[in-house]
Every structure is written in structure tokens, then in C-alpha cells.
Amino acid sequence: MDKVQMLQVLAASLFALGLTGVIIRRNVLVMLMCMELMLNGVNLSLVTFAHTMGSTVGAVLVFLIFVVATAEIAIAIPIVLLLVRRKRSLDIESYTDLKG
Amino acid sequence: MIHDFLAHLETLLLWGFAGCAFVSASLMLVLRQPMRVAMALVSCMVFLGGVYGLLGVHFIAAFQVLIYVGAVMVFMVYAIMLLDPRDESATAKYSKLLWPGIIGFALLAEALAVGYWNDLPHAPRGALGEPFDIARFSTAFLTEYWLHFELTSVLLLAAVVAALAVIKENRRHERG
């Protein structure tokens, strides 16, 4: 198993772990952190491919993902603060107002 | 002799960093306290920074530590410290979707791993190991990808406006 294959498998498993965390955990903050883990998996995949191919496209995309992750956190945390202020809970199952 | 040893050390460190990153990412799913999950994520990001450094992409390693660990995760830790004492709902760690989630994880991981194992495109070997430096990256960033750069600044502006809107909504809710 060579280096590139190992890093790609690691990237895929980080993405899968993050997705599983978003699905199975109940705490909203933990779910947000699992989303960050998914972004990290994608970053690792991009950097490995950019390194293998010797191109700069991957590095540029990684920078754009950094910005998107920062913007996402900057919006998501105030929304979570608002939700907690209304519901007094971090549990995702207490936010079921739109359930039919 | 010493060159051989250094090459082996680099491979060993790469595998070690990758293994530690995987272990801390798996810990994120099983730890109960949000603060411990945040610490596991921070260590995963630092190990990934080590992997980037070993691949020769030093500026991305630096930004990984500075932006992700230094800004995003510190913000997250502040939010946890602000919210955690109010949370009485920490009785159940997992949602009702635990088993579907685990089965989905197994299927997705297997599909991705098998896919990578079989049909990973073989790279042009000449380019391998040639670390791209920050000068080449910045030139490409500001000449070829200037449109993406500008669009990113628009995205950041939209994020600032949205954060202000969220705060305003909060104040209106408090008053009425």
C-alpha cells in the first residue's frame, strides 16, 4: 500500500466518520464539529491529489474550503445560540417544531 | 546510510500522524462531553497539519493550524463553554438513527476504500515529490483564480451580513 493510497483511504474514512457523527450524535455542537471533520477529509484528499499531480489547483481549492468553513462556523454558532436561548437545550430532538 | 534512515523516518512519521488522526476522529464519535470531542477534533487537525507538512505543503500545514485550530476551534470551544452548563439533555448520547448510521458508515467506507484501492489514477511519477512552493501558488491564485478569490470575498461579506441579521432577529425576539 503506497503513501497516496493510504492518505486517500484516510481521507475517505475521515469523511465517512464525520457523516456518521452528523447522523448519530444528538448534541448540536458535536454535529457541527463532525461537519468540520468532513471538510478536513475533503481537504486531505485535495492536498494529496495536488501533491501527486504536482498542480496548484488542489491547494487553491483547499484555501477556498478554509474560507467556507470559517464562514459556516461564523453563521452556525449564532444560530445555535439563538436556538438554545429559545429551547434551553442542545439536543437536536427538541427542535422538532416543523414536524408534521 | 543516514539518508536511508531519514527516508524511513519520514514514512514512519507519515503513518504515525495518519493513524493518530484516524484514532482521534473515531474518538469524536464515542466521547460524551462536547469539550472532549472538541479536543479530539483539535488533535485530529494538528495531526493532519503534520501530514501536510510531511507532504511538503508547508503553507497549508501552517494555515491548517492557524485558521482551523487557532480560529475555528477556539470559537467552537468558546461556544461550548458558553452553552454547556445549561444542557441537561446529555442523558442519551446517540440519536434514534444509531444503527442506520453505523450501517451507512460501513457501506460508505467500504465503497470509498474499495474504489480507491482499485481505480486510483496512477499519477505521472515525474511530478511526485516536487513540492509546490508558495510563490507558484500565489501567482496561480491571483492570476488564474482571481474570480474565485473575489467570489470568496463576496461570500465573507454575505456571512457578515447574515450574522448581523441573526443578532437583530434575536433582539426583536427579546423585545416582543
task: Under the side-chain contact (heavy atoms from CB on, under 4.5 Å) rule, what do A:Leu37 and B:Cys44 come out as? Steps first, then yes or no, please.
output: CA-CA 9 Å; A:Leu37 186 65; B:Cys44 179; 3.8 Å; yes
message: Minimum heavy-atom separation for A:Met6 and B:Ala18, please, with both atom names.
response: SD-CB, 3.7 Å
message: Could you walk me through whether A:Val47 and B:Val51 satisfy the side-chain contact (heavy atoms from CB on, under 4.5 Å) test, starting with their C-alpha distance in whole Å, then the side-chain angles of each, then the deciding distance to 0.1 Å, before giving a yes or no?
response: CA-CA 10 Å; A:Val47 169; B:Val51 170; over 6 Å; no
- request: Report yes or no: do B:Val77 and B:Leu27 belong to one cluster of Ile/Leu/Val/Met/Phe/Trp/Tyr joined by side chain heavy-atom distances under 4.5 Å?
  value: yes
field: Approximate separation, where rounding is to 0.5 Å, of A:Ile23 CD1 and B:Leu29 CG
entry: 10.5 Å
- request: Sort out for me which of B:Trp99, B:Phe149, B:Phe141, B:Tyr52 touches chain A most, counting heavy-atom pairs under 4.5 Å.
  value: B:Tyr52
Spacing of CG belonging to B:Leu55 relative to CG belonging to A:Leu7, to within rounding of 0.5 Å: 5.5 Å
message: Check for me, please, whether A:Leu82 and B:Val160 land in the same ILVMFWY cluster - side-chain distances under 4.5 Å, paths through other members count.
response: no
query: In terms of the angle between their ring planes, are B:Phe59 and A:Phe63 parallel, tilted or perpendicular, with boundaries placed at 30° and 60°?
result: tilted
query: Are B:Val74 and B:Tyr68 connected in the hydrophobic side-chain network, where two residues link if heavy atoms are under 4.5 Å apart?
result: yes
query: What's the spacing between A:Asn27 CG and B:Arg32 CZ if we round to 0.5 Å?
result: 11.0 Å
query: What closest approach, in Å, do B:Ala162 and A:Ile75 show between heavy atoms, and which atom pair accounts for it?
result: CB-CD1, 3.4 Å
statement: Applying a strict 4.5 Å limit to non-hydrogen atoms, the region of B:Ile167 in contact with chain A is neither
task: Indicate if B:Val65 and A:Val67 have the same hydrophobic cluster label, given that clusters are the connected sets of ILVMFWY residues with side-chain heavy-atom separations under 4.5 angstrom.
output: no
message: Quick check on A:Val22 against chain B: is it the side chain, the backbone, both or neither that has a heavy atom closer than 4.5 Å?
response: neither
- request: Measure distances from B:Tyr145 to the heavy atoms of chain A and classify the residue's part below 4.5 Å as side chain, backbone, both or neither.
  value: side chain
- request: Check each atom of A:Val60 against the heavy atoms of chain B and say whether the ones under 4.5 Å are side chain, backbone, both or neither.
  value: both
- prompt: When rounded to the nearest 0.5 angstrom, what is the spacing between CZ in A:Arg25 and CG in B:Leu97?
  reply: 14.0 Å
field: Interface moiety of A:Leu17 toward chain B, non-hydrogen atoms closer than 4.5 Å
entry: both
Same apolar cluster (I L V M F W Y, side chains within < 4.5 Å links), B:Phe63/B:Val46: yes
- request: Assess whether side-chain contact (heavy atoms from CB on, under 4.5 Å) is satisfied between B:Phe22 and A:Leu10, documenting all intermediate values.
  value: CA-CA 7 Å; B:Phe22 181 76; A:Leu10 174 67; 3.8 Å; yes
- request: Among A:Leu81, A:Ile77, A:Val84, find the residue that satisfies the side chain to side chain contact (heavy atoms under 4.5 Å, CB included) test when tested with B:Leu82.
  value: A:Leu81
- line: So, the part of B:Leu48 with a heavy atom under 4.5 Å from chain A: the answer is side chain
field: Side chain / backbone / both / neither for B:Val114 at chain A, heavy atoms under 4.5 Å
entry: neither
query: Considering only heavy atoms, which portion of A:Ile73 lies under 4.5 Å from any heavy atom of chain B: side chain, backbone, both, or neither?
result: both
- request: Among A:Ile79, A:Thr48, A:Leu14, single out the residue with the greatest number of heavy-atom pairs under 4.5 Å to chain B.
  value: A:Leu14
- request: Could you tell me which portion of A:Leu32 (side chain, backbone, both or neither) has an atom closer than 4.5 angstrom to a non-hydrogen atom of chain B?
  value: both
- prompt: Quick one: of B:Ile67, B:Leu151, B:Leu14, who has the most non-hydrogen atom pairs under 4.5 Å with chain A?
  reply: B:Leu14
Contact origin within A:Leu64 toward chain B - heavy atom pairs under 4.5 Å: side chain
message: Quick check: do B:Gln64 and A:Asn40 have side-chain heavy atoms less than 4.5 Å from each other?
response: yes
field: Atom group of A:Leu29 that falls short of 4.5 Å from chain B, counting heavy atoms
entry: both
field: Positive for side chain to side chain contact (heavy atoms under 4.5 Å, CB included) with B:Val72, one of A:Glu72, A:Met33, A:Glu36
entry: A:Glu36
field: Heavy-atom pairs under 4.5 Å with chain A, option from B:Pro100, B:Ala21, B:Gly19, B:Ala38 with the top count
entry: B:Ala38
